[in-house]
Amino acid sequence: MRTQVGIIGAGPAGLLLSHLLARRGIESVILEARSRDHVEARIRAGVLEQGTVALLEEVGAAARLHAEGLVHEGATFAFAGRRHRVDFRDLTGKAVVVYGQTEITKDLIALRLAQGLPILFEAEGVAPGGLADGRPHLAFVHQGSAQRLDCDFIAGCDGHHGVSRAAIPPALLRSYERVYPFGWLGILADVPPVSHELIYARHERGFALASMRSPTRSRYYIQCAPDTDPSDWPDQRLWDELKRRLGPEAAACMRTGPAIEKSVAPLRSFVAAPMRHGRLFLAGDAAHIVPPTGAKGLNLAASDVHYLARALAAFYREGREEELDCYSERALARVWKAERFSWWLTGLMHRLHPEGSFEEQMQLAELDYIAGSRAAATALAENYVGLPF
Ligand code: RFL
Ligand code: PHB
């Protein structure tokens, strides 16, 4: 097989890239390790920046998002028995859209298959090669037979545990990492959300988040020890803990019900640089991870592939390599700011230090500052809704 861009991974980064390239007349083939059902069922992110929505519109995959997505013009920050709403629209003129990553993935896969364009699910042992001699290819096994995809470029969109980043010689890659001493225990349930907007709560017992997927489906998280076993948290124990941390006002109107999904995710910050090795380009979680507090992971995957698609289009249209040469620098400039925001909001909202410590007072003082200062609230809001591409 031969194509122009070989894409590893059918997550949001790989799928969106394939559509952005197709719009520009560039061919690609996606190789995905897992089955379509598995990819479409993974419960992950839920908050989209306007820039991400615009990219989904550009590729013609936003019809259901506009019909079913929930526009959020603000979010509430709860701390020390207080609640403060940050009004994104008023402070920045922008809003975010709550629409599950699972739904985006389904929409992007359905559109690609409807266009008759290739996604090879259950591609085993995908191995990038030819990177040193400038003749990139991907070796893999599909439906029992060994295959080889020759391409001009490889896009590594295979997430944090993929093979792309590992194909770059370690001496040429620098990585930066922060592992947090806690995780998030998440629950998904078919009950109406406790509030029409998200609530981020800082509490002595630990962080809690009230989110949603639709007017009838709620998503909640609590800060937990990283080695927490979800089976130690029967539904009732988790609902009780959420009520404590989100406060009496939320507890009074919180609807509870059986969990559809319950899982623990570790929190980590990670960046690998550069995001390029010869004709291999990394995008999304393959290159960087953010803790979910800022809701940035999926949005960064989208901005990366926006830059990459533009750079590949400049190459194919005009034979210009300059944009490919600055892809890593351009993408990382935005990545680092989202890393900073996610790290900062994580530190502000989680229980990290003993009760009564100096650091706890610093968290509370900063939250009080955000509640009282338009400048401080604007700094939070403009990062949350997404910095410009
Ligand atoms: P993805 O979504 O991980 O997709 C990568 C795809 O590559 C496939 N793959 C391979 N394919 C072929 N050969 C190989 N060797 C392969 N290795 C892997 C995988 O099967 C997969 O289909 O990365 P992408 O596209 O960069 O998208 C990034 C986002 O998914 C990610 O940033 C967010 O979901 C992060 N994230 C969250 N972000 C939020 O903003 N809010 C959240 O609540 C939130 N929850 C989460 C998350 C990420 C999680 N991960 C990665 C474990 C919860 C979890 C559990
Ligand atoms: C979610 O709904 O899954 C979600 C929302 C906001 C976050 C993280 C996760 O910051």
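As the structure lists them, so they are numbered: ligands from 1, and atoms in each ligand from 1. When a residue number appears, it is its place in the shown sequence, counting from 1. Computed from a prediction, not measured in an experiment: that's the story for all the values here.
- Where the criterion is an N or O separation shorter than 3.5 Å, residue side chain and backbone included, Pro292 fails it with respect to ligand 1.
- For the pair Lys296 and Tyr384, the cation-pi test (distance below 6.0 Å, angle within 45°) is passed.
- Contacts between Leu31 and ligand 1, counted as non-hydrogen atom pairs separated by less than 4.0 Å, involve the backbone only.
- For Ala295, heavy-atom contacts with ligand 2 shorter than 4.0 Å involve the backbone as well as the side chain.
- Counting only heavy atoms of the protein, atom 21 (C) of ligand 1 lies nearest to Arg42 NH2, 3.3 Å.
- Atom numbering of ligand 2 starts at 1 in the shown order; those under 4.0 Å from a heavy atom of Tyr200 are 6 (C), 7 (C), 10 (O).
- With respect to Arg82 and Asp368, a salt bridge is recorded, a charged nitrogen being found less than 4.0 Å from a carboxylate O.
- The shortest contact between atom 26 (O) of ligand 1 and any protein heavy atom is with Asp285 N, 2.8 Å.
- Arg64 has a carboxylate O that lies under 4.0 Å from a charged side-chain N of Glu103, or vice versa, which qualifies the two as a salt bridge.
- For Ala123, no nitrogen or oxygen atom sits less than 3.5 Å from a nitrogen or oxygen atom of ligand 1, counting backbone and side chain alike.
- With respect to atom 4 (O) of ligand 1, the closest heavy atom belonging to the protein is Gly11 CA, 3.4 Å.
- Here the protein heavy atom with the shortest distance to atom 49 (C) of ligand 1 is Arg44 NE, 3.5 Å.
- Using a non-hydrogen distance threshold of 4.0 Å, Leu209 registers as a contact of ligand 2.
- Considering backbone and side-chain N/O atoms, Ala45 never comes within less than 3.5 Å of an N/O atom of ligand 2.
- At a heavy-atom cutoff of 4.0 Å, ligand 2 is contacted by the side chain of Arg213 but not by its backbone.
- Two rings, from His306 and Phe389, have their centers less than 6.0 Å apart.
- Neither the backbone nor the side chain of Tyr99 has any atom closer than 4.0 Å to an atom of ligand 2 (non-hydrogen atoms only).
- Taking only nitrogen or oxygen atoms, main chain and side chain alike, Ile8 does not reach within less than 3.5 Å of ligand 1.
- Taking only nitrogen or oxygen atoms, main chain and side chain alike, Arg219 does not reach within less than 3.5 Å of ligand 2.
- Gln4 places a side-chain N or O within donor-acceptor distance of the main-chain N or O of Glu27, the cut-off being under 3.5 Å.
- The protein non-hydrogen atom at the shortest distance from atom 9 (C) of ligand 2 is Tyr221 CE1, 3.6 Å.
- Using a cutoff of 4.0 Å between basic side-chain nitrogens and carboxylate oxygens, Asp232 and Arg237 are not scored as salt-bridged.
- Remark: distances from the non-hydrogen atoms of Cys157 to ligand 1 include one below 4.0 Å.
- Counting protein heavy atoms only, atom 37 (C) of ligand 1 is closest to Ala45 CB, 3.8 Å.
- Proximity of a side-chain donor or acceptor of Arg165 to a complementary backbone N or O of Ala286 within less than 3.5 Å is detected.
- Both the sub-6.0 Å distance and the 45° axial angle are satisfied by Arg279 relative to the ring of Phe153.
- The contact set between ligand 1 and Gly297, taken as ligand atoms under 4.0 Å from a residue heavy atom, comprises 32 (O), 40 (O).
- With ligand atoms numbered from 1 in the order given, ligand 2 contributes 10 (O) to contacts under 4.0 Å with heavy atoms of Thr293.
- Inclusion of Tyr384 in the set of residues having an N or O under 3.5 Å from an N or O of ligand 2 is not warranted.
- Closest protein heavy atom to atom 2 (O) of ligand 2: Ser211 OG, 2.6 Å.
- Between Arg2 and Asp150 there is no salt bridge, since none of the side-chain N atoms of the basic residue sits less than 4.0 Å from a carboxylate O of the acidic one.
- The shortest contact between atom 30 (O) of ligand 1 and any protein heavy atom is with Gln101 NE2, 2.7 Å.
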